[in-house]
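Predicted model, so just to flag it, every value in this text is computed and none were measured.
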Amino acid sequence: MEMQTLYLLVPLAPLFGAIIAGLFCRLIPRWVAHTVTIAGVAIAFIASYVIFKDVLAGNTFNGPVYRWLTSGDYHFEVGFLIDQLTVTMMLVVTFVSLMVHIYTIGYMQDDPGYNRFFSYISLFTFSMLMLVMSNNFMQLFFGWEAVGLVSYLLIGFWYTRPTAIFANMKAFLVNRVGDFGFILGIGLILSHFGTLDYAAVFAKASALAETTIPLLGSGGEVALMSAICILLFIGAMGKSAQVPLHVWLPDSMEGPTPISALIHAATMVTAGIFMVARMSPLFELSDTALSFVIVIGAITALFMGFLGLIQNDIKRVVAYSTLSQLGYMTVALGASAYSVAIFHLMTHAFFKALLFLAAGSVIIGMHHDQDIRNMGGLRKYMPITWITSLIGSLALIGTPLFSGFYSKDSIIEAVALSNIPGSGFAYFAVMASVFVTALYSFRMYFLVFHGEERFGKAAHDHHPQHLKASSHADEEHHHAAHDEAHEDAHGEEHHGLAPGQKPHETPWVVTLPLILLAIPSALIGFITIEPMLFGDFFKGAIFVDSEAHPAMAELAHHFHGAFAMATHALTTLVFWLALLGVVAAWYLYMKRPDLPVTIKARFGGLYTLLDNKYYFDRFNEMVFAGGARLLGRGLWKGGDVGVIDGMIVNGAVRLVGWFAVLARFFQSGHIYHYAFTMIIGVFVLMTLWVTRA
């Protein structure tokens, strides 16, 4: 088989499965739907591995596979860029997607939309693969919008729930804001470079490095590269959920758990990180853009981590963890450590998918109760879920030798060595986030798997006493967790364990993906750090100006092997901050569970601020949504009703009516009236002729 045929097979195999499961969802049995979609993604994964080996042998590809539109001198083509960066993303996307597909058999087994869900997640995989494999901005934008569309369908999968419909509309609208900046950036590229092909744009970038363009409304000028990169990054802020365009991601938990894992680990939110890394030849020409990127990432990493401390929905804790870790990746991009950002993207994909799927396993075992305050002691009832969750948590907090340690510590060191304006604040933010991450991660771990067994006591009561004192936002989260319950074939809802009922380990289709994801979560960082960060793996795929941005070059001088890095870490502040976070979580929630209540009461104002998510939602509702409604009402009343209906449409009707009334006097049916009118007309014409003569 030719390699170009294999390239086509990677995105088309999941697409074929999506089409079969989607178009014939009402006709085919469930086993056909999951078999054809899993087979499609498995074929894509195997093909990606073969392509990966071929790329390692030095064979890359950049070229068109289909021309779909010609407009003047512009040719819009479906093309692939197959290099080290692409194959890394292909392997991550297909492997995590395959695990999610297998897991979905167990998680969605009682859902009436079973076939439709498999169609959607396969279509999601196809969309992400088209995005990462593209060699031009037009195809990139197609994949960019396609993942947004499918995420809309998946977040609102349970479309009879108002909260799900609100969440998917929120995700769609927030991403429209980011995508507006993204398309403007692409428009600037087309207007100044005359092409949308990556290679051609990168080749011309240096020549346009000093070019400026007018800054609208100010009379000043801005560097072209800064404008392009910031606009492209605004698109990444939407997709990769960076402050202030992050508000959609926590609400994406309204979708089923498998899609939460796929969105957060390997598809939509990683698109922005990948895009900036792919555009490294452009970003390297603008310190202004890099500074903007590193500050936004730092704010997201720290302040979204704080929100994870107060969440009681198990999925929302993991969701805010994703936001914080995306901030880490963005900080790495801003420090010109693009390879480190992709490295963390890869390790994070494995342990975050593991944590989400483990959370889903807990939800199944708890009969769809998601409140961690109703759990405890699950270790002995769900041993596989427990040990895999522990591995995922250790990887997340950056425990030495685990995969997250190598990528997370590399980001912190790269930021410390960076000379980009804002790197000082970013270093403080990522260091503080180490403690915060360990605290909220092991708060969840201890409350779920250790301590007193709290299940079956309050789960049957929708308003247990310890919830009545909570805030409105906390209540909202609690009810959202209960709304996650599946409906079985008889329409009955399950809201947690009944009194006396015990949790249970989940079936093998759920636990097998957990085990397969736990292995790379523990080992892949140790295996791959040297070639990915300090070898030639990304040579030709990622560009860094080492003289202007020396962080990666300096980082290489400090690296003496994966094992040496782990042993040295035991003496660093990063390790002790993580350990302090774990110990604090154990003390606060296992040893002295009364202290969190006391802290909450003493710092009630701060807790309210966090519980309301810094009031971003209310601000957006009042300013942006309210302003949009006000603008729309003005355009409706003034433009539509006043100008279009009032003046143009109804005005034309009134004018015709007025002319008809006037003409009626002359259309009496009497010949002498017509003769008189003709004489008057001739007289007027003669008068005009004499006057002009």
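Pairs of residues two or more places apart, or lying in two chains, never qualify as salt bridge (charged side-chain N to carboxylate O under 4.0 Å, His left out) while including a residue from residues 532-560. Annotation: side chain to side chain donor-acceptor pair (under 3.5 Å) contacts involving residues 270-282, sequence neighbours excluded, comprise Asp83-Arg278, Thr86-Arg278. Pairs engaging residues 239-251 under the salt bridge (charged side-chain N to carboxylate O under 4.0 Å, His left out) rule: Lys170-Asp251, Asp179-Lys239, Asp251-Arg316 [sequence neighbours left out].
One finds the CG atom of Leu290 at 6.0 Å from the CD atom of Glu284 (value rounded to the nearest 0.5 Å). The line from OG of Ser407 to CD1 of Ile342 is 12.0 Å long, rounded to the nearest 0.5 Å. Interatomic distance, Phe182 CZ to Leu231 CG, rounded to the nearest 0.5 Å: 10.5 Å. To the nearest 0.5 Å, atom CE of residue Met590 and atom OH of residue Tyr445 are 10.0 Å apart. Note that CG of Asp409 is 5.0 Å distant from CE of Met565, once rounded to the nearest 0.5 Å. Taking CD1 of Ile372 as the start and CZ of Phe449 as the end, the distance is 11.0 Å to the nearest 0.5 Å.
Considering only residues two or more places apart in sequence or on other chains, Thr528 meets the side chain to side chain contact (heavy atoms under 4.5 Å, CB included) condition with Phe343, Met346, Ile524, Met532. Under the ring-ring contact (aromatic ring centres under 6.0 Å, His included) criterion, Phe435 pairs with no residue at all, not counting sequence neighbours. Evaluation of the side chain to side chain contact (heavy atoms under 4.5 Å, CB included) rule for Pro593 yields no partner, not counting sequence neighbours. Contacts of Val318 classified as side chain to side chain contact (heavy atoms under 4.5 Å, CB included), with partners at least two apart in sequence or in another chain: Lys352, Leu355, Phe356, Met444. Residues satisfying the side chain to side chain contact (heavy atoms under 4.5 Å, CB included) criterion with Lys591, sequence neighbours excluded, are Trp586, Tyr587. With sequence neighbours excluded, the residues that form a ring-ring contact (aromatic ring centres under 6.0 Å, His included) with Phe351 are His348. Evaluation of the ring-ring contact (aromatic ring centres under 6.0 Å, His included) rule for Tyr406 yields no partner, not counting sequence neighbours.
Residue Ala301 comes nearest to Ser324 through the heavy atom pair O-OG, 2.6 Å, listed as atom of the first residue, atom of the second, then distance. For the pair Ala298 and Phe425, the tightest heavy-atom approach, listed with the atom from each and the gap, is CB-CE2, 3.6 Å. The two atoms that bring Pro244 and Phe616 nearest to each other are CB-CE2, 3.8 Å, heavy atoms only. Between Leu307 and Gln311, the closest heavy-atom pair is O-NE2, 3.0 Å. Taking every heavy atom of both residues into account, Thr347 and Gly525 meet most closely at CG2-CA, 4.5 Å. The nearest pair of heavy atoms linking Ile234 to Gly181 is CG2-CA, 4.2 Å.
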Report task. Kindly indicate, with the supporting measurements, whether the criterion side chain to side chain contact (heavy atoms under 4.5 Å, CB included) is fulfilled by Asn419 and Asp287. Result -> CA-CA 10 Å; Asn419 60 358; Asp287 280 7; 6.0 Å; no

Query - Intermediate values then yes/no, side chain to side chain contact (heavy atoms under 4.5 Å, CB included), Met89 and Leu345 - result: CA-CA 9 Å; Met89 292 298 298; Leu345 184 156; 3.7 Å; yes

Requested in this report: Go through the steps to decide whether Leu140 and Leu131 satisfy the test side chain to side chain contact (heavy atoms under 4.5 Å, CB included), and finish with yes or no.
Outcome: CA-CA 5 Å; Leu140 173 69; Leu131 188 155; 3.9 Å; yes

Requested in this report: Please report the C-alpha distance between Gln325 and Thr437 in whole Å, then the side-chain angles of each, then the deciding distance to 0.1 Å, and finally whether the side chain to side chain contact (heavy atoms under 4.5 Å, CB included) criterion is met.
Outcome: CA-CA 9 Å; Gln325 296 305 304; Thr437 301; 4.0 Å; yes

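When side chains are defined from C-beta on, Tyr328 counts as touching Lys408, because their heavy atoms get closer than 4.5 Å. Looking only at side-chain heavy atoms (C-beta outward), Leu354 and Leu514 come within less than 4.5 Å of each other. Thr288 places none of its side-chain heavy atoms less than 4.5 Å from the side chain of Phe292. By the 4.5 Å heavy-atom criterion applied to side chains, Ile412 and Val434 are counted as neighbours. Using a 4.5 Å heavy-atom threshold, the side chains of Met279 and Ile228 count as separate. In this structure, the side chains of Tyr338 and Leu85 stay at 4.5 Å or more apart for every pair of heavy atoms. Looking at Thr267 and Thr125, their side chains never come closer than 4.5 Å, going by heavy atoms from C-beta outward.
The backbone N or O of Leu357 sits less than 3.5 Å from a side-chain atom of Tyr103, completing a donor-acceptor pair. With hydrogens and angles disregarded, no donor-acceptor distance shorter than 3.5 Å links the side chain of Ser286 to the backbone of Phe283. The backbone N or O of Ala438 lies less than 3.5 Å from no partner atom in the side chain of Ser441, so there is not a single donor-acceptor pair. The backbone N or O of Val147 lies less than 3.5 Å from a partner atom in the side chain of Ser151, making a donor-acceptor pair. A donor-acceptor pair under 3.5 Å is absent between the side-chain atoms of Ser336 and the main chain of Val544, judged by distance alone. For the pair Trp386 (side chain) and His450 (backbone), a donor-acceptor distance under 3.5 Å is absent. Not one N or O on the side chain of Ser418 forms a donor-acceptor pair closer than 3.5 Å with the backbone of Ala414. Looking at Ser97, its side chain never comes within 3.5 Å of a backbone N or O of Thr94 through a donor-acceptor pair. A donor-acceptor contact shorter than 3.5 Å links the side chain of Thr300 to the backbone of Val243. Without hydrogens or angle criteria, Ser240 side chain to Gly272 main chain gives a donor-acceptor distance under 3.5 Å.
For Tyr320 and Tyr440, the ring centers sit 6.0 Å or farther from each other. Between Phe534 and Phe559, the ring centre distance stays below 6.0 Å. Between Tyr49 and Phe95, the ring centre distance reaches or exceeds 6.0 Å.
Heavy-atom neighbours of Tyr615 OH from other residues, nucleotides or ligands within 6.0 Å: above the threshold of 12.
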Return a table of donor-acceptor pairs under 3.5 angstrom between the side chains of residues 572-584 and protein atoms on other chains or two or more places apart.
unit_1: Thr572; atom_1: OG1; unit_2: Ala569; atom_2: O; d: 2.7
unit_1: Trp576; atom_1: NE1; unit_2: Leu570; atom_2: O; d: 3.1

Give every donor-acceptor pair under 3.5 Å between a side-chain atom in residues 394-403 and any protein atom, sequence neighbours left out.
unit_1: Thr399; atom_1: OG1; unit_2: Leu394; atom_2: O; d: 2.9
unit_1: Ser403; atom_1: OG; unit_2: Ser521; atom_2: O; d: 2.5

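The aromatic rings of Tyr198 and Phe202 sit parallel, their planes meeting at an angle under 30°, below the 60° perpendicular limit.
At a cut-off of 3.5 Å, with distance as the only test, a side-chain donor of Thr506 or Ser361 sits close to an acceptor on the other residue.
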